[in-house]
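Remember, it's a predicted structure, so these values are computed and weren't measured experimentally. These values consider heavy atoms only, across backbone and side chains, with no hydrogens, waters or symmetry-generated copies.
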Amino acid sequence: MVCQDYQIYPVSVRDNVSINGPIADADIIDAIQKVGLADRINDINIAIGKEINDKGLVLSGGERQRLALARVAANKFSVVILDEPTSALDALTERNINQLILNDVV
């Protein structure tokens with residue numbers, strides 16, 4: 001489920017995406033690429049935020065929302081509930097994410 005009030009944790013990208021259970025690194029990287037974060041995230045071991053690690057990656061609201069969507073893409077759930085999952089995204093990124101949703105990728 002991805003809502004407007006999703007939660008991103010101050011842990012690694014890998015841990016944020018695989019919060020529901022183990023996921024292969026290749027699937028995490030693929031999901032990061034699908035949601036358009038590959039230009040910002042090139043290491044899935046990097047921490048999100050600076051709460052725990054001062055070298056952590058600070059993401060914008062839209063980037064954090066895309067990371068939440070990467071959870072869905074990487075986990076390949078049979079049922080997904082989306083409640084305004086693109087509310088913090090610009091129009092072009094929103095169009096790209098909507099296309100992924102329509103193609104059953106997210």
Side-chain angles (χ1 to χ4, degrees):
M1 181 168 163
V2 178
C3 298
Q4 288 177 312
D5 60 347
Y6 54 86
Q7 182 64 43
I8 300 298
Y9 302 96
V11 294
S12 71
V13 170
R14 174 188 285 118
D15 291 342
N16 265 289
V17 174
S18 63
I19 197 99
N20 296 319
I23 300 174
D25 287 354
D27 291 335
I28 294 171
I29 292 166
D30 184 53
I32 295 296
Q33 291 172 340
K34 285 178 182 172
V35 300
L37 283 175
D39 60 328
R40 287 282 286 140
I41 299 173
N42 55 19
D43 178 6
I44 63 173
N45 294 309
I46 192 165
I48 299 299
K50 300 207 182 261
E51 292 91 343
I52 295 174
N53 183 339
D54 64 348
K55 294 183 176 137
L57 181 63
V58 176
L59 298 176
S60 70
E63 290 167 336
R64 294 170 67 85
Q65 193 166 41
R66 286 188 279 163
L67 185 59
L69 287 165
R71 286 181 188 148
V72 175
N75 278 283
K76 300 176 177 90
F77 297 113
S78 58
V79 175
V80 177
I81 299 171
L82 303 171
D83 177 23
E84 298 190 46
T86 59
S87 62
L89 304 180
D90 62 85
L92 179 60
T93 305
E94 180 177 13
R95 192 193 101 211
N96 293 339
I97 295 295
N98 286 335
Q99 194 62 42
L100 289 173
I101 293 167
L102 290 173
N103 291 329
D104 293 327
V105 174
V106 172

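- Closest heavy-atom contact between Glu51 and Pro10: OE1-CB, 3.6 Å.
- Asp30 places no side-chain N or O within 3.5 Å of a backbone atom of Ala26 that could act as its donor or acceptor partner.
- Side chains of Val35 and Thr93 form no contact here, defined as non-hydrogen atoms less than 4.5 Å apart.
- Atom CG of Asn96 sits about 14.0 Å away from atom NZ of Lys34, to the nearest 0.5 Å.
- Residues Val11 and Ile28 do not share a hydrophobic cluster, clusters being chains of Ile/Leu/Val/Met/Phe/Trp/Tyr side chains in contact below 4.5 Å.
- The structure places CD of Glu94 at 9.0 Å from CD of Gln65, a figure rounded to the nearest 0.5 Å.
- Only one option out of Asp15, Ile19, Ile52 pairs with Tyr9 in a side chain to side chain contact (heavy atoms under 4.5 Å, CB included); it is Ile19.
- Under the side chain to side chain donor-acceptor pair (under 3.5 Å) criterion, Asn53 pairs with no residue, sequence neighbours left out.
- From Leu59, atom CG reaches atom CD1 of Ile48 across 4.5 Å, with rounding to the nearest 0.5 Å.
- Applying the salt bridge (charged side-chain N to carboxylate O under 4.0 Å, His left out) test to every pair with at least one member in residues 53-70, sequence neighbours left out, gives these pairs: Arg40-Glu63.
- Of all non-hydrogen atoms in Ala73 and Ala31, the two that sit nearest each other are CB-CB, 3.9 Å.
- Remark: side-chain polar atoms of Arg14 are not paired, donor with acceptor, to backbone N or O of Asp25 under 3.5 angstrom.
- Within the 4.5 Å cutoff, side-chain heavy atoms of Ile23 are placed close to those of Asn75.
- At least one side-chain heavy atom of Val13 sits under 4.5 Å from a side-chain heavy atom of Ile32.
- Using a 4.5 Å cut-off between side-chain heavy atoms of Ile, Leu, Val, Met, Phe, Trp and Tyr, with links allowed through other members, Leu57 and Ile8 fall into the same hydrophobic cluster.
- One distance of note links CG of Asn42 with CD1 of Ile29; it measures 10.0 Å at 0.5 Å rounding.
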